[in-house]
Every structure is written in structure tokens, then in C-alpha cells.
Amino acid sequence: MQKKDLSLLILILVVGAVVAFINPRFLLVGNLSNTANQVGMFGIFSIAEAFVIIVGGIELAVGSVIALLGVLFIDLIVNRDVDWILAFFLIIAGGVAIGTMHGVLTTKMRIQPFVVTLCGLLIYRGAARYYTEDATAGFGYGASFPMLEWLAAGRTNVLGFPLPHSVVALVIVAGIAWLVLHRSVYGRYFYAVGKNEEAARYSGIRSDRVTISAYVICGGLTALSAVLIAMYTRSISPAVHGSFYELYAIAAAVLGGCSLRGGEGSIIGVVLGTILLQVLQNLVNLLGIPSSLNFAVMGTVILIGVLADQYFVQRRKRAPSARGQAAAESAPASLERVNAE
Amino acid sequence: MQKKDLSLLILILVVGAVVAFINPRFLLVGNLSNTANQVGMFGIFSIAEAFVIIVGGIELAVGSVIALLGVLFIDLIVNRDVDWILAFFLIIAGGVAIGTMHGVLTTKMRIQPFVVTLCGLLIYRGAARYYTEDATAGFGYGASFPMLEWLAAGRTNVLGFPLPHSVVALVIVAGIAWLVLHRSVYGRYFYAVGKNEEAARYSGIRSDRVTISAYVICGGLTALSAVLIAMYTRSISPAVHGSFYELYAIAAAVLGGCSLRGGEGSIIGVVLGTILLQVLQNLVNLLGIPSSLNFAVMGTVILIGVLADQYFVQRRKRAPSARGQAAAESAPASLERVNAE
Amino acid sequence: MREPFLELIDIGKTYPGVVALDHVSLSVAPGEVIALLGENGAGKSTLMRVLGGVVAPSSGTVRIDGADRTGYTVTDAIAAGIAFVHQELNLFDNLDVAGNVFIGREPVFGGPLRLIDRGTLRAKVRPLIARLAADFAPDTPLAELSLAQRQLVEIIKALSLNARCVIMDEPTSSLTLSETERLMQVIAGLKADGVSVIFITHRLNEVVQCADRAVVLRDGRTVGTLTRGELNPAAMIRLMIGRDLRSLYVPPAAPPGNIVLDVVDAITSTYPSRAVSLQLRRGEILGLAGLVGSGRTELARAIFGVEPLLAGGISLDGEPVRISTPRAAIDRGIYLIPEDRKGCGLLLDFPIAENISLPDLASYASLGLVDRSRETDNADRQRERLKIRATDVKMQVGTLSGGNQQKVVLAKWLSMRPKVLIFDEPTRGIDVGAKQEIYDMLRRLADAGVAILMISSDMEEVIGVSDRIAVMHEGRISGFLARSEFSEHNVLQLAVGHSI
Amino acid sequence: ADKKVLAFVVNGASDFWKIAEAGVKKAQGELPDYSLQLKYPEQAAAAVQQRMLDDLVAAGAAGIMVSAVDPKNQTEHLNKIAGQTVLFTTDSDAPQSKRIAYIGSSNTELGKDAGKLMLKALPNGGKCVGFVGLLGADNARERIEGVKETIKGSKVELVDVRGDEIDQTRAKRNVEDILAAMPDVSCLVGFYSYNTPRIYEVLKEAGKLGKIKIIGFDEDPITLGGVKDGAIEGTVVQQPFEWGYQGMKLMAKVVQGDKSGVPAGGIIIVPGKVIEKSNVDDFMSQMKTMLKK
Ligand SMILES: Nc1ncnc2c1ncn2[C@@H]1O[C@H](COP(=O)(O)OP(=O)(O)OP(=O)(O)O)[C@@H](O)[C@H]1O
Ligand SMILES: Nc1ncnc2c1ncn2[C@@H]1O[C@H](COP(=O)(O)OP(=O)(O)OP(=O)(O)O)[C@@H](O)[C@H]1O
Ligand SMILES: [Mg+2]
Ligand SMILES: [Mg+2]
């Protein structure tokens, strides 16, 4: 675990402890399980976003893709009687197709990723709204897919804790993503391309291919979370479903140490970033803070956390003699990381 | 005018011509004046955003600042009977204070601008909502500030065209911004810091100060547009007012040639970007396209425009011998520009 | 001589307004060591980029093992056994040393997952590091290495390829004598193994030392080839610049004056337990020598206010000053010309003129607005004075050849009025002809009363140009040498910290 | 903190709920043993609201009255909530859920009222355009449905309804654009509370007040002012004050175990009111007293 991840973990623990102290119901199994469920759903698309950010891109269409694919998924299984397993794979394929398109447009056509995915954001949401004629797509009352529901939105009792299956999905996704990013050759190429695309090309890395595959992974994972979220809300108003989720995803990734300049970030960090954001949401409701202050509290806690981290890092940097060589050696690196953005 | 700006202008003219052909009412003085009014309001905060993007930062709080300052402005003059001139200056000072804070946090405390301004986005909106207890702030019926209304939301007949004063404001702001960015010493520093902060520092540029001043300019201009927008809508629901406007601003800046990696972009480009976005909005209503497709149409037109531009640029690049030296000379630069992001 | 296996035939390359290569041919036989010489902008790097598959030639053929290659790319070059050390470093500062060395060729396990075998990776890098006696470990993050150390990493990367041909584009430009010696041994070893080496350098004695053949380019054309027996500096210079060169170095006009800069017990963060003191006089050129990583750059950065001084102080003209930003240093007349031109020296996408005017922009302005014609005029003057090869001062600096970029870095500062000038590797990558002009200029500046601190890894240059030499070893000054004590042996002895 | 919590969860922030809040406050005055809270989800999205409900249950709320963002599809989730606490719905019902009662109005009926106003305003028929925040939202659909049902067969036509995603700038802009695009439009309908004042302002700026008829919903002060000066034909208002007041009182009773106040089927309709020039003064003074404390 990197130093930055550790700071984040500490921040989460501190926030959690404070909340638990003020309202012990925070620690109720039910509440923790609900929060975990949110973390599961949001974590998957945050990891998706992280892949793109690490190769130096950005994906703004996450929320719209979640809306469009969610609508399609529900439509397929509820109105068109497609078998849900087939529908699931179709949706994943859809996400992969969208990702491929974004990747190709940014690499082969050399359009800025911000522009490509902004257009995606606009187009997919429009498509979702047009498709349903702005109506809400949902299971309605009584429609039931017991197996699918259990798999996607159910919980399994593990040692007394109702573990949401979205968390299981997140653990699997994060595990594989960790292996790929931090241990595999391919992951290394992601970081290399994100940091210095030209040098990567000189080293014989097919940087276009690497970039495209980051978008593809992002699309596929986003599709997965679209299905989970659709099964959680069971209804999708295409005009608002998932809107702003790209900001959540980017925020989680950035909190987790990704730099928007590319080449940096860790999977553990992204997951921790997601957890922090969700715990903060939970906190506002549990402490009875006026809902209007919901966002403000989130912002304030994040800012204080980051400031505190920075304060300690800076202090350590300023007094390296006191902490000896080791501290001095590590300080510039982590400073640079913050600096780099 | 740079080549990129020219492509954008052509795109706007083409879109305009198509719309005028389908519905000639597009060219009615009233309609053009309305669209111009929107361009005026949106252009100012897009220029604000461009300053920050050029020094390599990002400002996500634009929309929230517009909500908070708008609410405060209306509250000051309607409920607290502050003289509107004083209130105006207080609001601008507020914007400047917010900008200073963002600048100091990113430079002196070395927190990523994305994190700082994301927290700002959350906090200011929360503050606005809390301040009004989520109620709409408005002039109510009959409240009247004729001078202020005329200045901020009025129109003056210029050769038969009712020129909205927001456009006058934009022209003044854009003119000064152009002078500052493209002709002044300070403007050069903005680009230098955005491009390579380290090299700028080695050349004796106080990069922190330059960065902070970009945020300050951004805050001040955003405050100005907050007042104009408040006077236009005449009522502000703090929960939604101005939300997503940061995306508009970033989109206009990026369309206008700014790179999110900093150090690039032109004021003319940003203004053209704003015009394009507003003409697209106008188009949807005028052509009677379903509102749900509003965004999709915007996205599609932008994408097609960028693709067409790219196609011609790439073609020219591939056949430099045919078009002679001049074309070949400009091609790599503009390619690089797209590439850089 | 064995049959050539790499052939570049009639290669041409044009950039807008520039003919970089004009029908150049070169063939390389196994085990051959070829030096590629020429002035800055002669086309050396471009030719090698063609061979490395980085740029596509406008005309001509690349032939490998007798087969003509079309659509030849980096991947093909790597597959054909060509390793390339680029002039501008191309490394990843988010990876460690081993990761950089084996990027694109990581040893893997785990089947289709292709997990990186980190143990093997490090084990493979370790002997290569030892071979160059570099002082970093396989898992040292690249971000912690100095420029010269990074250059060693690039070389290690090339060696690790087990290539048939290694191209090195100015591998020694920031290395000191001992590393250079070691590199020469490595090249000899490669040669013995039948590996060909093409290297580009502006340090002619390296050529004499190890090349079988020197190919000289001028203005994108081959102007001659010198074989082993003909290799002597005078002949090479004549081919390169088309005339003879008088002695490079000019003696000072007057003895040095008062102490201008006084550094007392300065401590920087890399060597927190070592204090540095030195004094610099008016009109003096103080050479600062030392091995890679000895802390010279860091000292310069501390004086210039880029890095904090942990302890100690600096006085200027006898008055203690506190310098915490480069701006403060510049305002007091202390200028630093940094060694890392890509990172700190230049804005690569900016035009030449705007780079040159940047440190002193205010003086080109009236009412805060930049007077562009004055800016351009001055840039044109500097271009002529330093013979910067560019069609126009509106060209982006990034498109210039390495040496010409370095000249732009110098030009930035030379139109101003300094009191203390710190040059960090001022002639890195600069050709002999231009070196002479720069040395002349250094001397003129010194004679005009500027105090100059010249950090250099080029032993010849340190001895030739300096009035006095300070040598650093592991973060402290191990000794000063007066003119009469100047010798390679003395400098080296102080640099390595023990007698040799 | 020992007082039992009764929560009123709305579907998004708006002034409309301020009036409900007044009702809740009045109920609070009469229910000292309870702590009544009004909760705004930070976004008008089902997922966000669901999250809020889950959290409220976790925090131990004794009763929840909710204006579900998407009642049709939230049914199961609402049932989950209903299993753990006393659940009422308001504003928009989820008839198939296990909620104990619904208190609110019927949007279709409100739409019909507006349709009648339109017929009255345009005796010779004409083209109308509507403006709304979220076209897909149930309340918008039902209101539009009600209008269409009433004007069916007459010469009055609702040719288009423009959505604005609750962005006031766009709301105003939409009106401007429609005026430019359709010179022959004769009546504009504001379906959401803020749409009507935007219509009023644009017509005022264009000097077309009175020439083009305005029909509104809800009780924005500018709307009421417009009704008063005759520029707006009329506005159809709901009575959220009563929802808040009656709803909370009833909920407290149910929490105590007294279900006598809940009718069979659980539906309590508080009818809407049509405000026209004739009764606008009365209504305004009523509002003033309601919002006083
Ligand atoms: N991308 C480019 N665009 C335009 N001109 C270029 C580009 N790359 C190289 N050139 C030009 O080609 C010529 C040859 O450059 P090259 O880098 O090969 O020189 P060099 O011999 O390696 O010089 P040095 O010793 O300074 O490294 C120079 O005039 C340079 O300006
Ligand atoms: N950016 C950096 N971050 C961390 N450590 C650095 C950095 N740059 C240099 N160092 C370390 O500082 C030490 C001193 O390096 P410095 O560059 O001052 O040496 P130098 O004598 O100039 O040698 P060189 O020839 O390598 O430039 C080296 O050991 C190096 O590892
Ligand atoms: Mg070169
Ligand atoms: Mg150095």
C-alpha cells in the first residue's frame, strides 16, 4: 500500500469514528451493508474511469452510458423478453463498443478525449431519453427475475454480515484490475503511455492500442455497473439517471491518487476514494444534517482531509534533517505526485 | 485569427446556414438578439474558465459560484436594501475572494486543482442552498430596479439591432482578455506557466503568483456573469441554478482550442466555442426537435464538426507536397495541438 | 571487414523549410564502431532516427540483412536488433530503473495474464548497472535520479537489448570522465562480441579513442569518412566546419576582482550532513567538477533559489541575502542556465523568440504590452550571434536539433546584465565550432566583470576554460585547484575522493 | 434526540415544498413529542432518494412520508421501507406499495383544471405551447395528459411541450425561442412552478403581455402578481400545506397505533384550486398567513 493510500485510509477511519461516536447507528450491520452496496456499485465505474485517467485520457460519458445501457437492459428483459443472461452479455458488448469508439476517435482521429467523451455524454443521454420518449423505464410492480435479482442486487450472509453482491463484484473487479495494472505487462504499458506517450512509442509499445484498450475496459466495466445500478434502482428516468456520476468517478480516482495528467494512480486508492465519498453521503443522512448541506459537508471533509495530508507531507519536507535521509528521500516523490496535476 | 479558430467559425457559419435554410426565422432580428444575449452571459464565464485552463488548472466551481453569488446579489438588493452598485462590487469582491482561495490552495498548499474546485463546487452550492433554506431567491412581483435592469438585462438599438448589454459586456471583457492574454507580458506568463511551470520558474516567473491571478480573474469574471445571469432569470433556485455550467465553460474553452494540459488556447476561440454551443441550443428549439434530443443534437454536431476539421487537417498533412510548403508548415502545429491533450 | 548488415541508402528527409538529410548513405558491418560527427543541426540525429524507425525518410531505402524494408517502424527496428539511446531522454519517471530498462520487453509469467516477473527483472538489470558502475539500484524510482544518472539508465536499456547494433546519440553529453571511460570500455566489449555501435558525440577525443571509422555530415550531406588511421581532432574539425579552428580557449584579460558571491556552509537536502563553502570573484570563471551525482547541480539550484537551503548562507557583494525563489535570484543579478533543457530550460512548443525573451520580457514591453518586433529583432540578433540553425525565430524550439536548443537556452540569458552567472553544463551537445564561440563569450563576460560558476562534466572544458577549479565529491567540496595545478589526474583524484 | 422522528422526504428542492414545510411546522407545534423533519434529496433521482430513505431507516425514523421520485418503479423499495417503519406517500402515489396512506392531489385532475382555463381563454381556439422542467417525470406527464383530455375535440391545440431540465436560464430561453419560431402561438402554459414566471417575463419584455395568453400551475409570487394584473389567465394550485399538516398529524396517530384516520384504500385527495383574477387576493393573503412563522 502506498503512502497516499494510507493517508486516505486514515481519513476514512477518522470520519467513520467521528460519525459512529455521534450516531452509533452508523455501525449497525444494516447501515454498513447499505453503504457497502453503494461502494460496490460506484467503485466499479470509478475503477473504469481510473483506467482511462491512467493512460492520460478522461471519460465524461460514464453517467450517460449508465443511463443508456440501463434503459436498454431493462427494456430488453422486461419488454422484449430477452433472456437476461443474453441481455447481460449484450449490454457488456454495448459498453465495449462504446469504449472502442471513444478510444478510436481519440487515438486514430486524434480528437481530444475531453471533446470525444463530452459529445458521448450528450449523445448517449439524448439517445436514452429518445428511446424511452423520456418515460421512466422500470420493472414495474411485480415483474420479477429472481435469479438475476439475487445475483445483482441480493446479499449473502457472511458471518452475520449481509454482504451485498455488488461488493463481491467490486472485489473481483478490483482484484483483477489490481493484478492487471500493478503486476502485468499490460498495466505497465498503461502507466508508460499515460506518462510519456512518445517514449512509449520509441520503446516499441503500440500506444494507440494501449489507449484504446483502456477505453474498452472502461466501457465494459461501466456496462457492468450499469446493470448493477439498474437492478438496484429498478427504474431509470433517462433524463437524470446516473447524471454527475462521471464527476463521482473522476473524484474517486483523483482522491485515490490518479493525476489527470496521466501515468499515476492505484487501484487501492480508487477503491478507498469511493469508500470515502460514500461514507460522507451516509454521514450527512445519519447525522441529520440538513440535506441542503449534504454536498457542502462532503466538500468540506474532503478538503480538510487533503489539507491535513498535505500539511503533514509539507512539514516533513521542510524538516528533512530532523527525520533523516529516509524522509527526505521519500518526500519529494510524493510532493511531485501532488504537484504533477 | 488562428487556423483552428477559422475552422470553428466555418462550422458556426455552416450550422447557421443550415438552420436558416430550414427555418428562416432563425435570422429574425429578435432571435439573433436573444441568442446573442445568451452568448454574452455564457461567454464571460467561459473566458473566465479559459484563463484557468491556460495556466494548466481547472475550475469546476463555476456553476456553484454563479448560484451562490447570484443568490447573494438578489438577497442584498431585494431583502437587505443594499444599493445595487455597492452590491455589485461586493459580489465581484466575493468572486475575487473565491478565486484567490482556489489559487492559494492549489499553489501554496499544492492540492490538485481538480480536488480544490470540486470541493468548491460542493461547498458553494451547499452554502447557497443553506443560505436560502432551499427556497428560490427572486425579485418577486413588481420589485424593480430600472437602472440595474436596463444595464444588466437591457438592450440598446444599434442600427436596428437590439444589442443586448450582456454582449457589450462580453465584447469589453473579451477585448481586455485578448489584450492581456495575447499581447501583454502577463499573458505570456500565463501560457509559459501552463506549458511548463518548472521552466517558467527557472526563467524568473513567479509561477505561483501567475497561477493565483488566473484563478482571481476567473473568480471576478464569474461573479460578473453571475450578476448578469441573475438579472436574466430574475429568480434563482439554489439547488439547480447554474448547475453543469462548468461543463459548458470547459466545453467552450476546449472547443476554442484550449488544452486541458495547459498553455494553449485563444480568446477568439473561446468566444466562438460559446457561440457554437448557443447556436446549437437555439437550433433545437427552432427546428422543433424534441427537447429530449437537445443534448444529443449538440453532441452530434460538435463531433461532426471536430471530425471534419480533423479530416481536412490530416489530409493536408498526408499530402504536404501537393499543397506546398505553407500548408505543410501549419499542419504539424495544429495536429500537435490536438495531440497534446 | 565483414559484410555490412545495415544499410541506409540515399536517405533524404525534409522538414518544412529544412532539408535535414540530403541523399546520405551509411552502411554498418558487424562489430564496427562508427562515430557520426557534424555540427549542430547537421542531421546526425535525424539519420539515426531513420535507422531506428522513429521517423520515416522522405526518400531512400533502409536495407537490413540484404532486404529492403518498407513501412519500417520502431517495432521493426527493435525486432531487427537495433537499440537506440535517444539524444533527448525518453524515460518514464513513474517507473523504477528496472521498469524503464525493460519497458516493452518485461519477463513474464502467469500465461495469458502476462504478469511481470519482478524478481527476474531486477536480477537482469543488476549486472548491467554494475557494468557501468552506476550508483543506483534496480528499484530506485527514476524520479530520484539526476540527469546524468538517467542517461546511464538509457544506456543500460540499450545494452539490455542484446542488440546487433547499438545507436547512441550523444550518450556522454552529461557524463563525466570516469563514466565516459567506462562507457568506452563497454563499447569495446560490444565490439568484441560482434555488436556494431554507432555513436554521435561532440567530444572528439572519444572518437579517437574508440571509433573504427568516423562519418562526418554537414548540412545534411556526407562530407567525408575518416578511417582509424586518419582520426585526429584537427582532421575531424576541418571536415565538420570546413575550416581550421584556432585554440578553443582564451586567457583572462585581468586578474579576478573582489568576492561577489560567498556561499558559506550551505547544506542541501540530498546530502544533509555535508556543508559546502565557496567564493566567487568578479571576472573569474570558477569551474565546478565532480562525478555524476556529486551534488553540483543541487548546489546551483540552491543558490538560485529553486531548492531550499537547509542551513548556511549566501552573501552577495558582502551582504547576506536570502534567496527563496528564482525571481529573487534574478532580481539580484544571479542567473542560472540549467542543465536539463527539456525540463527546466525551454518551453519546447514556444517559438524561439518567445523563449529567448522570457526571462526579461518586461524590458521588451511598453505599458505591459509586448513589443513583438523588438522581441523578434533581438531574437534574430541572438540567432546570428550564436549561429542557431533555424529558418526563422518563429519556429518552435522543439523542432531544433539538440545543440541548437542548447544555444537557445544560452541566448535566453545573454541579452541581460548578470552579476553572477551559473552555467550548468553549458556546452552539453554543442559542436566544436559553437563551443569556441561560447568559450569566447564566457571569457568576454568574465572580462566585463561577471562572476561565472561553470559546472561541467567535460574534463577538457573544465581545464581549458576555468581560472580556478572546485571539485565536488559526495556533496562536499573536496578541493580547489589553481591554474598551475590543473591536470586531469588532479581533478579526477579529488572527484573520486581518494588517490588513484 | 429521544423524540421520535417523523420525516417528510420530498423529491427535490423547490419552493413548493416550503409551503408543505409550513404545514409540517404547524403540525410540529401540535406534536411536541415528535421531531418532525423535512428532507430534501440533493438530486431529484430515485437512487439518491432511495439512499436517503435507507439512511433514515438506519437512523431510526419512526415514520416517513415520501414524495417518491419514481413511485411506479420504487414500489419494491418502498415496501422494504414500509416493512421497517410507518410509510406514507404524498404528491405522487405508489398505489401498489404497502404504504399506509397517500395524501396529495391528482395531477391529472390539475391538468384538467388547466385545460378548462385554456378553453376559457381561447374561445376561438388557437395553438398552445407548454413548458416544463422534466418531460419524463410523472407529474409532468399526468398534467399534460389532463390538459390534452380536456381540450380534445376543441379548436385549442397543445402543439409542443419544451423541457428545460430545471435550468431557469434554459427555461426562459425556451420561451424566447418559441416566440421566435412560432409567430402564431396564442397561448403558453407553464407546467412547473417556475415556468410561468419565465413566460410572463419574456412576454413582458417582448411587449406581448395580454396578446398571448398564459396559463400557469402553482403559486410563484410572480405568477400570482400576473394573475392579479390580468396578464395571466389563471393558475392551478395544489395545497401542499395541507399535505404537510394533515399528513404529519395522521402519521403521528398511526405511529401511536391509531389507524382510524386512514380511509379504506388509504387515499386522501386534497383537491387543487383554480386561482383567477377574482380570487387571487384572497389566496395571496391566505398564503401570507400560512408562511408567516
Ligand atoms: N520535427 C522537426 N521539424 C522541423 N525541423 C526538424 C525537425 N527535426 C529536426 N529538424 C531539423 O533538421 C535538422 C537536423 O537536425 P538533427 O537533429 O538531425 O541535427 P543533429 O545533427 O543531431 O544536431 P545536434 O548535434 O545539435 O544534435 C535541423 O536543422 C533541425 O532543425
Ligand atoms: N529531481 C531529483 N529528485 C530526487 N533526487 C535527485 C533529483 N535530482 C538529483 N537528485 C539526486 O541528487 C544527487 C545530486 O545530484 P546533482 O544533479 O546535484 O549532481 P551533479 O553533481 O550535478 O551530477 P550530474 O552530473 O548527475 O548532474 C544525486 O544523487 C541525485 O540522485
Ligand atoms: Mg542531435
Ligand atoms: Mg548536474
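We name chains A, B, ... by the order of the sequence lines, and we start the count at 1 in each one.
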Item to complete: Under the side-chain contact (heavy atoms from CB on, under 4.5 Å) rule, what do D:F191 and D:V147 come out as? Steps first, then yes or no, please.
Response: CA-CA 10 Å; D:F191 282 99; D:V147 166; 3.9 Å; yes

Practice prompt. Apply side-chain contact (heavy atoms from CB on, under 4.5 Å) to D:F8 and D:W17, showing your working.
Written response: CA-CA 10 Å; D:F8 190 132; D:W17 294 116; 3.7 Å; yes

Is there a donor in the side chain of [X] and an acceptor in the side chain of [Y], or the other way round, less than 3.5 Å apart?
X	Y	value
B:N285	D:R162	yes
D:Q286	D:K273	yes
B:Q278	D:R173	yes
B:S33	B:R155	yes
B:Y245	B:S64	no
D:D218	D:Y194	no

Less than 4.5 Å to any heavy atom of chain D: does that hold for the side chain of [X], its backbone, both, or neither?
X	result
B:F26	neither
B:L286	both
B:I289	backbone

Tell me, out of [options], who's got the most heavy-atom pairs with chain D below 4.5 Å.
options	result
B:N31, B:T35, B:N282, B:I236	B:N282
B:T132, B:I229, B:N294	B:N294
B:G138, B:G30, B:S235	B:S235
B:L287, B:V240, B:N37	B:V240

Practice prompt. Evaluate the criterion side-chain contact (heavy atoms from CB on, under 4.5 Å) for residue pair D:Y192 and D:F217; output intermediate values, then yes/no.
Written response: CA-CA 6 Å; D:Y192 275 12; D:F217 281 85; over 6 Å; no

Is [X] in contact with chain B via its backbone, its side chain, both, or neither, using a 4.5 Å heavy-atom distance?
X	value
D:P197	neither
D:R198	side chain
D:V159	neither
D:L179	backbone
D:E201	side chain

Item to complete: List the steps and the verdict of side-chain contact (heavy atoms from CB on, under 4.5 Å) for D:Q49 and D:V9.
Response: CA-CA 8 Å; D:Q49 192 179 46; D:V9 177; 4.0 Å; yes

Fill in: From D:I215, D:T196, D:D220, D:T223, residue fulfilling side chain to side chain contact (heavy atoms under 4.5 Å, CB included) relative to D:T235
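Only one option passes, and that is D:T223.
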
Discussion item. If the test is side chain to side chain contact (heavy atoms under 4.5 Å, CB included), which one of D:L188, D:N195, D:D229 qualifies with D:Y200?
Written reply: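 Result: among D:L188, D:N195, D:D229, D:D229 is the only option passing the side chain to side chain contact (heavy atoms under 4.5 Å, CB included) with D:Y200.
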
Worksheet item: Which of residues 66-76 of chain B get closer than 4.5 angstrom to chain D, counting heavy atoms alone?
Response: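 Near chain D, by residue number: none.
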
